[in-house]
Structure formats: structure tokens, C-alpha cells
J.: 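Quick one: structure below, then a few questions.
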Amino acid sequence: MYASERAAASTLRIILCGDRQFILGFVVLSLGSIDWRGFLGRPPLIASSVETLRAVVLERILITGAGGSIGSRLARRLVDGGAQDLVLLDSSESHLMALQSELAGKGPGVHFVLGSVGDRPLLDEIFGNSRPTLLFHAAAYKHVPLLEQHPFAALENNVFGSETLIAAARDSGVRMVLLSTDKAVEPASMLGASKRIAELIALAAEGTVVRLGNVLASSGSVAEIFVAQIAAGGPITVTDPSARRYFLTVDEAADLLIAAAARAARGQLFVPALSTQHFIADLARFMAHQLAPMQTIGIEFTSPRPGDKESEKLWGSSEHGSGRSVDGLFTIESPRVENGLLRRALSGLRDAQEARDLQSVVQCLRMVVPDFTPSASLLRLAQRPLARATP
């Protein structure tokens, strides 16, 4: 091998991202190997205590969206903690198969179910046969630009799927923890609006809501996008130099869900005790240095995508946070919607959905989520005649 070839080989890397790998060379480096603490600049929010974890794993547990990044990490955490009765539900065949292969032999009490949270007969079968006492609802569509283009899909999965699941859980007397997002605060996207309605449905049913920020290295996250761009030699694209977010790790997300489930009180909304937002451009620079320290990776600023905000909030102007955090969580006092009004709003939203009437959908959303500001692209889509579901 010539000296120039040896020099090139020494910087070669393979970056593993989920089930994909990006070749920069002969060294294998995964997103999981990144020192996220170095970026966050803070200690972990929480590590589930033995007592907290024991209290949760003694329950019979159902996780929806179990094959996703957070759902699968939560499942591993519970299995490793000694969970003996666990049902893992996901609509993605490939995600569920991967999780089943990973957890094979971990215990006879772990069961895998392929199906949708909107399938009420399936849910009744699960609740009737497995009799879970605790539900973690992590299933959702979550990509902002894609859901701006497909608003009906956002409603079907995030709103009506959640409504079906929560009704089935309530009818079976099952405690529930809903995984939500800071994009539900004063939403500017279909993702945010649909998740805010899911929050309202869960709180009306005396469920618990955990509203997270951006989860580093989760599937489809900005970190996963950046690693592909770094593997290609750049540039890394960032929408706006001022764009900033609250970030936490997948492990922190799973532990916060466990901590929330261990609380005795119902009908509460929690947010992580995060005080600082980070610039997305700083994340891009950090990842470039971690994954390609011998290369110069440029950053290209593009423009905000439909539904994007410059920054997010963990609670809105009509909400109030508790004075101190407990187990890494703040309790948030959030306005509720009266049950009768919520049912009527959901009925009107369903009628508009079935009629494929996006203008009426937007009107219904703004009625039940008054601080929702639809994006210009969504409003343009709503103006299109007939085929309003396609961009």
C-alpha cells in the first residue's frame, strides 16, 4: 500500500446509524458512542432508582410504538429491570421483528403484537387476554415537514388512534402514560396540533402526559440526518442559525417515563427539568468534530421548513410550571377542555377528516387548540379543491 493510501485508510470510518451504516473508512463508530454529555454540558436528568423501577416492573405493562427509538429503549429498560409481564405493540413489521430478535430469550413474559393503536378489536383482545395495568403510549407519527404534507394521516394516527387506545384503556381501568412533545406547546405544525389534542384526550381520561423535547439519536432525528451528511463529507444543513431546541438523551427519555409512571397522582402533565436550549448549529459542529475530527465539514444554512419554529417551549403562556422538579420532572398546570366540548370537537374533526375537507379540519383544530398557528403551506394545501390530501 502506498503512503497516500495508508493515510487515507487511517481516516476511513464506518458510521452506524440505526440499521444503516455510512462509510467514512475502516473504523466503526455508532451514534451511541457519541459523548452526548459533552454536548449537553449537564449531568443526567435522572436515573431511575431501584425502588422506582421495581414499582413499575411489578405491573403488567403494554407499550405502544414499542419498536421505535424511545419505545424500544423503554422496553429494554423494563426487561433488564425484571419486568415479567410485558406486551410490545407496534405497527411496523420490521421494527417489531428487530426488537423481538433482540429480546428473544429475555423472558417468557414478553409478548410481541403487530398491529395498530386504532384497531379497537385488537386492543380489546390485548386488554382482555393480557390484562395490563399500565400503558405507555409512545406510538405516533412525528416528522414535521412530512405531516404538513399529509395532515389527514397525522390526525388518523396521532389523534384518532390515541382516542381509540385511550378509550380502550379507560374501559379496562388501565393507567396510562402518554409520550408527548414540546411541539404541542402553542403549535405551529400538524404534528404539534395533533399531539396537543392527544394530550387533551389523555388528561380528560385522567391519564399522565410526559412532554419531552428533542431526543438525541432517536430514529429520524436531526442527529441521524447530520450523521448521513457528515458521512457524505458535508455540508451539514441547518435551517436557521438561530434555531434552538431542548435536547435530552434516549436513556433520559425512558427514565422520565418510568418516573412519571411511578407517581400515584393521575391526570398530570410533566415536562423534563431542562433550563437551557441548544443551538442546532452547535449540535452540527459537535457531531462533525466527534465523527470526523480529521475533516473540515461545512455548515449550510437553508431556510425554516413548513411547521418549524425558531425555538420551542416546554409550556405555554396559558400554562404554569411547578416551583421545583421531582425526579427530573416539573408538573405543569395546563388548561383542560370540558369533556362534552372535547367529544363534540373530536366528532366534528372526524366528520371533516372523512370528508377530506382540510379547511374544516383546520377550523376544528383551531377551535380545540386556540393557540394553534397553521403554517402557510398547510393553509395553501387547504385551499386546493378536491384532492386536498396531496401536495
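This is a predicted model, so every value here is computed, not measured.
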J.: Would you confirm whether Gln100, through its side chain, and Phe112, through its main-chain N or O, come within 3.5 Å as a donor-acceptor pair?
T.: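 No, Gln100 side chain to Phe112 backbone: no donor-acceptor pair under 3.5 Å.
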
J.: Identify whether the distance between the nearest side-chain nitrogen and carboxylate oxygen of Glu252 and Arg42 falls below 4.0 Å.
T.: yes

J.: Can you confirm whether Glu102 is buried at CD, in the sense that more than 12 heavy atoms of other residues, nucleotides or ligands lie under 6.0 Å from that atom?
T.: yes

J.: Keeping to residues at least two apart or across chains, list the ring pair (Phe, Tyr, Trp, His ring centres under 6.0 Å) pairs with something in residues 297-352.
T.: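 Matches after skipping sequence neighbours: none remain.
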
J.: Could you tell me whether Arg336 and Glu199 have a side-chain N and a carboxylate O separated by less than 4.0 Å?
T.: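 Answer for the salt bridge query: no.
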
J.: If you take all heavy atoms of Thr239 and Ala243, which pair is closest and at what distance?
T.: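 Heavy atoms of Thr239 and Ala243 come nearest at OG1-CB, 4.1 Å.
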
J.: Please, which pairs that meet ring pair (Phe, Tyr, Trp, His ring centres under 6.0 Å) have at least one residue in residues 60-97, sequence neighbours excluded?
T.: none

J.: CG of Leu269 to OG of Ser180: how many Å apart, nearest 0.5 Å?
T.: 7.0 Å

J.: Going by an N to O cut-off under 4.0 Å, is there a salt bridge joining Arg120 and Asp171?
T.: yes

J.: If we ignore hydrogens and angles and just use 3.5 Å, is the side chain of Ser172 paired with the main-chain N or O of Ala169 as donor and acceptor?
T.: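 No.
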
J.: When hydrophobic residues are tied together by side-chain contacts of less than 4.5 Å, even through go-betweens, does Val369 share a cluster with Leu342?
T.: yes

J.: With a 3.5 Å distance limit and no angle check, can you tell me whether Lys183 reaches the backbone of Val144 through a side-chain donor-acceptor pair?
T.: no

J.: Is the ring pair Phe247/Phe39 parallel, tilted or perpendicular, if the boundaries are 30 and 60 degrees?
T.: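 Rings of Phe247 and Phe39: perpendicular, over 60°.
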
J.: Measure from the side-chain N and O atoms of Asn158 to the backbone N and O of Ala140, and report whether any donor-acceptor pair falls under 3.5 Å.
T.: no

J.: In plain terms, say whether Glu186 and Lys309 are close enough for a salt bridge, that is, a side-chain N and a carboxylate O under 4.0 Å apart.
T.: no

J.: Would Arg380 and Glu148 pass as an ion pair if we require N to O under 4.0 Å?
T.: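 Salt bridge between Arg380 and Glu148, a charged N being under 4.0 Å from a carboxylate O: no.
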
J.: State plainly whether the residues Arg73 and Asp251 are in salt-bridge range, i.e. N to O under 4.0 Å.
T.: yes

J.: Donor-acceptor pair, Arg211 side chain versus Phe270 backbone, under 3.5 Å?
T.: no

